[in-house]
Protein chains: 2
Amino acid sequence: MVNLADVARQAHVSKMTVSRVINHPNQVSDEVRDLVNQAIKAVGYQPNRIAKALVNQQNYVIQFIVLEDIATVEPNYAILLLEIAEVLNQKGYTLEISTILEPNSHVDGLIVSGWRDSDLERLSAINVPMVLYGQAPTWYDLPYVDVNNRMGTSLATTHLIEAGYKKVIYIGMTMALPFVWEREQGYLETMAKHHLVSRTYDVSNHSHDAEKLIQNIIAHLPKNTGIVCATDRIALGVVRALKAQSQIPENYGVVGFDGVFIDQITSPKLTTIKQPFRQLANTLVSNLLNQLHHSELKMELIQPRLVKRDSTRQV
Amino acid sequence: MVNLADVARQAHVSKMTVSRVINHPNQVSDEVRDLVNQAIKAVGYQPNRIAKALVNQQNYVIQFIVLEDIATVEPNYAILLLEIAEVLNQKGYTLEISTILEPNSHVDGLIVSGWRDSDLERLSAINVPMVLYGQAPTWYDLPYVDVNNRMGTSLATTHLIEAGYKKVIYIGMTMALPFVWEREQGYLETMAKHHLVSRTYDVSNHSHDAEKLIQNIIAHLPKNTGIVCATDRIALGVVRALKAQSQIPENYGVVGFDGVFIDQITSPKLTTIKQPFRQLANTLVSNLLNQLHHSELKMELIQPRLVKRDSTRQV
DNA sequence: TTGTAGGCGTTATCAG
DNA sequence: CTGATAACGCCTACAA
């Protein structure tokens, strides 16, 4: 393993000078800097993270904690994880993945996802810098990053109204999670703003349940109805139930939420509210690193995007 | 941060004795060992990974490299990743995720996934212990772990035959990847063994293409046909095309492959060949660690499982 | 069985 | 602007 000493020898300077060229280049004279840089290339030097970590009392490790059962949580994670890993790697950090909350470890920061309200107490007791994925109640004062769920369903509702669907209903989830509430509110507010009568239904977040719901209520669903769904999974069931009569998008318009994977495999392809995972990952990471370096606590909401596809009329 | 010295002071012994109690307990007298263990608990000592890594010239970091475009590769990864992370964490290793092949890094081992034939040359030039996810040509001598793809489609084919479907066809993929070939072979061999005439089609790995294929050939598809699909994604399209006439599983039987997520959201639910991800993760990790510790190179094939659900007749 | 010295590769600090 | 020294926390090698 080639180290600082090797470079120093090659460049006929001390180890410290080499170290400075790397970490504080402007404290070194131009000539020496060039000399050292050449030497670095010549011997193929790469800094040793471990040694650096030891002396700096930092691990350069960020832990991504998944508190919910992955198997049920579908594809979202893979993509978010990869994005975060990439951003972190670029900044010299390592992403460690964990499924348990074990604060004793040597990590510099935590990104916590899939938490429930009941985890919040425990979370706020841990004194490692952290950022939550998902909007948390403000009284815990825990920094979070989330997509603006309310804006998302608002976008969806507006789109359906503008596309000319006379009636617009909402199919939400039975889970008691903040984002579930936010998504419903986005629909309700937008309907109110347009002086329209709102109507909501709740199902578990499974396509088959949504499918059944539609079959049950189809008799009462007038043609020219728009359906805002709390998730793509629900939308999938709705589309399937409606597909038989191939009435999409003429008689029924369907909008999903999430924009990961499922939206692509439905037929017709889903109009959906897309979570901007790349941006989410970037924000999550920079939020956390800002805490590490400047100790700012921030709550951030990212804007989602409406992706128009074939399950709604083109306006 | 509490360290060896703190424990030593507390127990009135030297740092080395404490270190020995942790790493070579049988080199220490019983009394001293108990004393030290108490002290460790008392002060809440946790070994510092970083320092250990520095002196041992190990990072305890395993890199998981994803060489293909994640967005297109669907949910499989999230679950595999989490499983691997868990296993590794238990053994004191950290999982680092990366999307680029950059061998210069300070990692102890590599788990490589999503590679193509063209990556193999480069891969075998890297002299860091590694294990591939996916069966590789033997002449590269690269250790790999994979599900037994051939056995998988064989299981699927046998199931359809035993369920009494008269004709059994195969819908494969156009990609020139080893596992694609293996899956097709599993079908062909099994058909031959039963003295049945085989018939294969190829589509890209998208549900919509599979759907179109079925629509095109449905006229030539006699009732009582079984369809072995190379992936759940393809099966999804097939099921959708056949659903209209709701002829599943009476007139047509469909079996998918992978058993992650998609199989759950089809209607009817898919009979499929399930990749045992937990076991895959365990094998991947132990294969790699065996290389690190005992430098054994191994190629391992894991048996998949047939999960019978509603897209085939019950036997 | 236990302890001492030295070093892993890096950087902060202080002296020149 | 540059260099020597000590330290981060741990472990191997050797000594007692």
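In what follows, every chain begins at residue 1, and chains take the letters A, B, ... in the order their sequences are listed. Bear in mind that the values here come from a model prediction, so they are computed numbers and not experimental data.
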Would one find a side-chain N or O of B:Tyr45 under 4.0 angstrom from OP1 or OP2 of D:dC10? yes
Phosphate oxygens OP1/OP2 of D:dG9: is one of them under 4.0 Å from a side-chain N or O of B:Asn48? no
Below 4.5 Å, heavy atoms only, C-beta onward: do A:Glu83 and A:Leu280 meet side chain to side chain? no
Has A:Gln303 got more than 12 heavy atoms of other residues, nucleotides or ligands less than 6.0 Å from its CD? no
Under 4.5 Å between any side-chain heavy atoms of B:Ile273 and B:Asp258, yes or no? no
Given DNA chain C, 5'-ward residue of the pair A:Arg20 and A:Val2, judged by closest heavy atom: A:Val2
OP1 or OP2 of D:dC1 versus the side-chain N and O atoms of A:Thr17: is any pair under 4.0 Å? no
Which one, D:dC10, D:dT2, C:dT2, comes nearest to the side chain of A:Ser29? D:dT2
Do any side-chain nitrogens or oxygens of B:Ser19 fall under 4.0 Å of OP1 or OP2 in D:dC11? yes
When you match B:His24 and A:Asp30 each to their closest nucleotide on DNA chain D, which lands nearer the 5' end? A:Asp30
Any side-chain N or O of A:Gln57 less than 4.0 Å from the OP1 or OP2 oxygen of D:dG9? yes
So if I take every side-chain heavy atom of A:Val32 and compare against C:dT10, C:dG3, D:dT2, which nucleotide ends up nearest? D:dT2
Are any side-chain N or O atoms of B:Trp115 and backbone N or O atoms of B:Ala136, one a donor and one an acceptor, separated by less than 3.5 Å? no
Give one of base, sugar-phosphate or nothing for B:Val55, where a contact means two heavy atoms less than 4.0 Å apart. base
